[in-house]
Amino acid sequence: MTRLARGVLLVGGVLSVVAGCGADGPGPEVCRDVRTGPPCTKLSGFGLFRRPEAQEPAEGVWPFEPNSALFSDYTLKYRFLYLPPGTQAQYSEDEGFALPEGTILAKTFAYPLDARRPTEGIRLLETRLLIHRPEGWVALPYVWDEAQQDAVLRPVGTTIDVSWIHTDGQRREINYVVPNTNQCKECHEDSRKVLGTIGVKARHLNRDYPYPWGSENQLAAWTRLGLLRGAPPPEAAPRLPVWDDPRTGSQEQRARAWLEINCAHCHSPTGSARTSGLDLLYAQQRGYDIGVCKPPVAAGRGSGGRRYNIVPGRPDESILVFRIESTVPDIMMPETGRRLPHTEGIALVRAWIESMPGTCP
Amino acid sequence: MRCFSLALVVLLLPLAGCEEEGVLRPGANDHETLQQALLAAQPGDVIQLGEGTFRLQRGLSLTVSRVTLRGRGPQATVLSFRGQTEGSQGLLVKADEFLLEDLGVEDTAGDAVKVEGGKGVTFRRVRVEWTRGPSPDNGAYGLYPVQCERVLIEDCAVSGASDAGIYVGQSDTIIVRRNRAERNVAGIEIENSKNADVHDNILTGNTGGILVFDLPGLQVKGGRHVRVYNNQVHDNNEDNFAPPGNIVGQVPRGTGMFVMANDHVEVFGNTLRNNRTVSLAVISYLVTGLPIEDPAYDPYPESIYIHDNTFEGGGDSPDPTRQLSLAIGIYLRPIPDVIYDGLVDPKKLREGRLPDELRLCIRNNRRIGGTFGFANIDAANLPSGMPRISRDLGPHDCAHPPLSAVSIPGVGP
């Protein structure tokens, strides 16, 4: 075998120990023992869905939703949690919940055929899995087939040409990028090179979800179902606003929530953009740290000729606005995960900066 | 073993068609070929790239430690990112013990090669180039290790970077030697880093040759213990083409070397020739006029020792478009070889002067075709319009103990 072939074989090896594939091939039970098995090459091997085309989960697979979501080119996203039988997540007030080995987090990206009627047909693009194994979390992208019956593992990612009818009735087209496993790490890995979850935190999950049995707070439901231990009543847990729901927070709070979920996976003291000194976590209180009158460090032409990250009252002089509006590869923020600007989120951030008092030198 | 064989089929398909065993060659889908190999790499692997141009529209990334990426020479093997549509670097590495050698990287949209948080980083005989020449649309950094330890950059060539050709930031234990940086905004920049040896490099045609900076607001600061020696720094007179807003955008064209806010810097044995704003300036961050909202930051350069350098020409035509050259040169023509802003930390004064161990020491420098010149421009009184400029070297006639050489295990002289 050539050296290269060995290396490629080990793509599987990176993600798994090459052992334990049952003679009968991957079935739900085999691949769900994700702690020791190889990665299923097909998503169906995990048995996560009863009706994949409708993203209807199998028993023991729990859908959830964050208060504010990362913008991903207007895709619809379906998120699921699977915990091995008899295990629980451990609540944390600020950090990601501790999840046991064998946990699977799944996130499916899809476009509605017509965004004005999203329930009347969707096209599944990819499902990203985070699997907690003894050696840590691994990230696996699966790309859906044309027939929407199954998805195939693509560690190297891919691009997909998609079109859909947007909420304004216009047809939109995009060359959608499925990330490779390294790109998963760009957001999910911290300064210790430890892969982790982003959304599975109290402040993101503390909201109601429309379960089949009715609407219920997710933290309360997880606790009641035995999925989560240690959580206080929802009123006592932190909660981020829903960025586009004014009932959930002030303009500033919602803008900060949008910035946390879109930026703080890198722009935090432990994220990969820690080298910039910019911290966009919701909890950061210092104006300078979130960019107010902060000059750029290594922005290159990402500065857009502007002097400070945020200039109070002046969104058009703020580097942050320039970069979230851009779609140029080395200028745009976030660096990966989108090809389009998030018009509505940008409007919120602009309005917040507009209303900010003060000036820069 | 259905699962196993299926994996093989799926994963091997894109790699069919390699002729020589283990060497990757340019083909129909270079991004997939290279990214696949980077994902598949195991610690200890050498990924070999054959001759030719790999055409890449998307950025590459590596997260496996102890991997070597090796071409057939900086001209023979080229990673061309012209028309890049995705990724803000050409290659992003988050891994330890990374070695990149013998290849060229061209026309990345953003930074060419960025290594983040790596322990053990080597660039050897790497060429980075933006082929259209200086332009604000070029990427910011060429070779860009940040928050790394044990960095060796040798025998590389970088041109066209709209910030720094070779930029080492927030790192520790660094050797940058025998490189050529040409027509970048900054040739070499050592920023917020400690224990660096920068020697035997050629810096020419940049806006500024060598910058040793310490900036506020970053996780790692307190840049110190930097030796800059035996470098050829000449004709760095390119107009500053950095996008505005960046700190290097303040560097006047015609700058040989800036030492800003770093401590314990030894500059010796260099030749600085025909840098038309200033050959060498030792300045505080305060002269940038930028706000400092970082209580832990020390903006003053201290314990700087400049000795045995050779100066020639230069200082005769300061860049009128940059605030900084106005500050340096408003009352001086030509601008002397070494400029000091004279700003000192009032908290550290004893009986009105800096303790000996913190002083700027200048000794035994020479100027070809004239007398070595110096000026303390008294920047504190510049705003009043009445600075007491002093050309007296007396207060700086002193020596600091030599800084120790940087040593990286396994790296010879």
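Scope of the values below: all heavy atoms of this structure, side chains included, with no hydrogens, waters or symmetry mates. A, B, ... follow the sequence lines: proteins, then strands. Residue 1 opens every chain.
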Between B:Ile47 and chain A, with a heavy-atom cut-off of 4.5 Å, which part of the residue counts as in contact: side chain, backbone, both or neither?
neither
So for B:Asp137, is it side chain, backbone, both, or neither that comes closer than 4.5 Å to the heavy atoms of chain A?
both
Rounded to the nearest 0.5 Å, how far does OG1 of B:Thr108 lie from CH2 of B:Trp130?
4.0 Å
A:Asn182 and B:Thr63: CA distance, side-chain angles, deciding distance, side-chain hydrogen bond (donor to acceptor under 3.5 Å, both in side chains) verdict:
CA-CA 7 Å; A:Asn182 280 353; B:Thr63 58; 2.9 Å; yes
For the candidates B:Ala109, B:Ala161, B:Gly117, B:Ala140, which exhibits the highest count of non-hydrogen atom pairs separated by less than 4.5 Å from chain A?
B:Ala109
Is the distance between the ring centroids of B:Phe213 and B:Tyr285 under 6.0 Å?
no
Where on A:Arg306 is there a heavy atom nearer than 4.5 Å to chain B: the side chain, the backbone, both, or neither?
backbone
Region of A:Glu189 in contact with chain B, defined by heavy-atom distances below 4.5 Å
side chain
Sub-3.5 Å donor-acceptor pair from the side chain of A:Asp279 to the main-chain atoms of A:Ile290, do we have one?
no
Which portion of B:Gln170 sits near chain A, non-hydrogen atoms under 4.5 angstrom
side chain
Under 4.5 Å from a heavy atom of chain B, the part of A:Ser272 involved
both
Comparing A:Pro361, A:Pro329, A:Ser276, A:Gly277 against chain B, the one with the most heavy-atom pairs below 4.5 Å turns out to be A:Pro329
Please confirm whether the backbone N or O of B:Leu38 pairs with a side-chain atom of B:Gln35, one donor and one acceptor, at under 3.5 Å?
no
Quick one: of B:Arg58, B:Glu191, B:His31, who has the most non-hydrogen atom pairs under 4.5 Å with chain A?
B:Arg58
Can you tell me how far OG1 of A:Thr41 sits from CG of A:Leu153, rounded to the nearest 0.5 angstrom?
7.0 Å
Does the A:Cys266 SG fall under 2.5 Å from that of A:Cys187?
no
Is A:Val328 in contact with chain B via its backbone, its side chain, both, or neither, using a 4.5 Å heavy-atom distance?
neither
